[in-house]
Amino acid sequence: MTIPTMSISGSTSKISTIGTLNNDFALYLIQGDFPKERYPRSKDAYEVIIANSGNLDIEIDNQIHSLSKYSLAYLPPNTSFKIKSSDSRFRGYIMIFSNVFIESLQIPLAINKEKAFVRKSLSDDAHYSMNQTFMLIKDEISNQEHIFRKEKLSNLVSILFIDLLNVFVKSANMFPGLSFSGESKRRTKLSKDFFSLLKEYSREQRQVGFYADKLCITPKYLTFLLKQSTGKSANEWITNVVISDAKHLLKNSDNSIKEVSYTLNFANQSFFGKYFKKMVGISPKDYQNSCTY
């Protein structure tokens, strides 16, 4: 991929290169009603456009889109793209990535390499978070002295894409610019592995972090994965299994409450009693007594 160097200035317009990283990544500032015919592109690059103010009309695959405050567009390689017009108040940024850089990002879902998308009207919180990350990227790409500059930029851009995922995964039909085909197999395997681990360790471990570590993922991602595939969080599944096991043990009148709490690895009988009553609504003793009638 060849990163184009942009430096276009006029009385009310400006396109300037903020910084580049080899031929893998570049960040540009766009201001004002710049001449659309002078916007260069690299056909084999990925692009993200974020609008901070004003209006920018663009054409993607023969469809016109208007980017205004808190809007963004994602363009994969070989997308038909034109800048149609912009007003004097427009201010935004363009990021360009090589395929090598995209593949290096540490994000939980695969980015679609064929379909462009436009998102309008990000929430204030989402825009604020992404804008803060943008400012860090802007600072770091200008920092030529950092030994691990590439790694730092890759991590910051990963954070930016994770913020985008957070916005779009919450929307209906998930995120149209993401590919879940390859990821779905991995998610299915992770879910199956979680339930296998839960069956093996539920009497010893009740912390989401334990299972996430075993699966080599974060607790947040494990909870997200299970919530999406089953409708219940990791903690809910752990609690359900522990309570189901506790009820089964309590139904056996030969087991004392102390023995049950020990079997389920609770610190003491009192702690088990509080846990059980919070989840079931009655004490272990009352539950055990109800099973004898």
Side-chain angles (χ1 to χ4, degrees), residues 1 3-4 6 8 10 12-18 25-99 102 105 107 109-131 133-134 137-138 157 160-180:
M1 183 186 81
I3 293 287
M6 298 192 206
I8 303 172
T12 60
S13 64
K14 181 180 181 181
I15 304 177
S16 58
T17 302
I18 295 174
F25 175 62
L27 176 63
Y28 307 102
L29 169 68
I30 303 179
Q31 296 182 94
D33 53 344
F34 50 86
K36 57 183 181 298
E37 68 277 2
R38 296 177 65 186
Y39 172 67
R41 295 193 69 220
S42 179
K43 290 185 178 180
D44 56 346
Y46 297 81
E47 297 182 43
V48 173
I49 304 173
I50 294 186
N52 281 353
S53 61
N55 291 282
L56 175 69
D57 291 333
I58 59 177
E59 182 180 311
I60 301 176
D61 293 332
N62 300 316
Q63 290 189 338
I64 302 297
H65 302 273
S66 294
L67 298 183
S68 55
K69 185 178 180 181
Y70 299 177
S71 299
L72 64 91
Y74 161 76
L75 310 169
N78 301 312
T79 303
S80 173
F81 172 73
K82 296 178 183 178
I83 292 180
K84 304 297 288 184
S85 63
S86 61
D87 62 36
S88 59
R89 296 179 296 106
F90 181 78
R91 180 184 176 90
Y93 295 93
I94 294 179
M95 287 191 297
I96 297 181
F97 316 93
S98 69
N99 186 63
I102 285 288
L105 300 181
I107 54 179
L109 301 172
I111 297 173
N112 193 299
K113 297 182 178 182
E114 298 179 358
K115 187 175 182 179
F117 65 83
V118 174
R119 177 71 179 189
K120 300 179 181 179
S121 302
L122 295 173
S123 68
D124 289 344
D125 288 344
H127 181 267
Y128 176 80
S129 178
M130 283 186 280
N131 196 54
T133 306
F134 236 104
I137 293 172
K138 182 179 176 182
V157 174
L160 185 70
F161 271 90
I162 288 171
D163 278 342
L164 290 176
L165 291 176
N166 182 59
V167 171
F168 289 107
V169 165
K170 290 179 179 179
S171 64
N173 300 319
M174 304 297 282
F175 185 21
L178 295 175
S179 172
F180 289 91

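- Side chain of S53 to backbone of R89: a donor-acceptor contact under 3.5 angstrom is found.
- Going from atom CD1 of I50 over to atom CG of L56 covers 13.0 Å, rounded to the nearest 0.5 Å.
- Checked against side chain to side chain donor-acceptor pair (under 3.5 Å), D57 has the following partners two or more places apart in sequence or in another chain: S66, S85.
- Nearest approach of I58 to K84, heavy atoms of both residues: C-CG, 4.1 Å.
- Remark: Y74 OH to T79 OG1 distance equals 7.5 Å, nearest 0.5 Å.
- To the nearest 0.5 Å, atoms NE2 (H65) and CD1 (I60) are separated by 4.5 Å.
- Between F90 and the choices N55, N52, I30, the side-chain contact (heavy atoms from CB on, under 4.5 Å) rule is met once, by I30.
- For the pair V118 and Q63, the minimum side-chain heavy-atom distance is 4.5 Å or more.
- Taking all atoms of both residues into account, the shortest heavy-atom contact from L67 to L72 is CD2-O, 4.0 Å.
- A distance-only check finds no donor-acceptor pair linking the side chain of D87 to the backbone of G54 [under 3.5 Å].
- Residues that satisfy the side chain to side chain donor-acceptor pair (under 3.5 Å) test with S68, not counting sequence neighbours, are absent from this structure.
- Taken to the nearest 0.5 Å, the OH atom of Y93 stands 14.0 Å off from the CE atom of M130.
- Rounding to the nearest 0.5 Å gives a distance of 10.5 Å between CD1 of I18 and CD1 of I137.
- Atom CD1 of I96 is separated from atom CZ of F25 by 9.5 Å, given to the nearest 0.5 angstrom.
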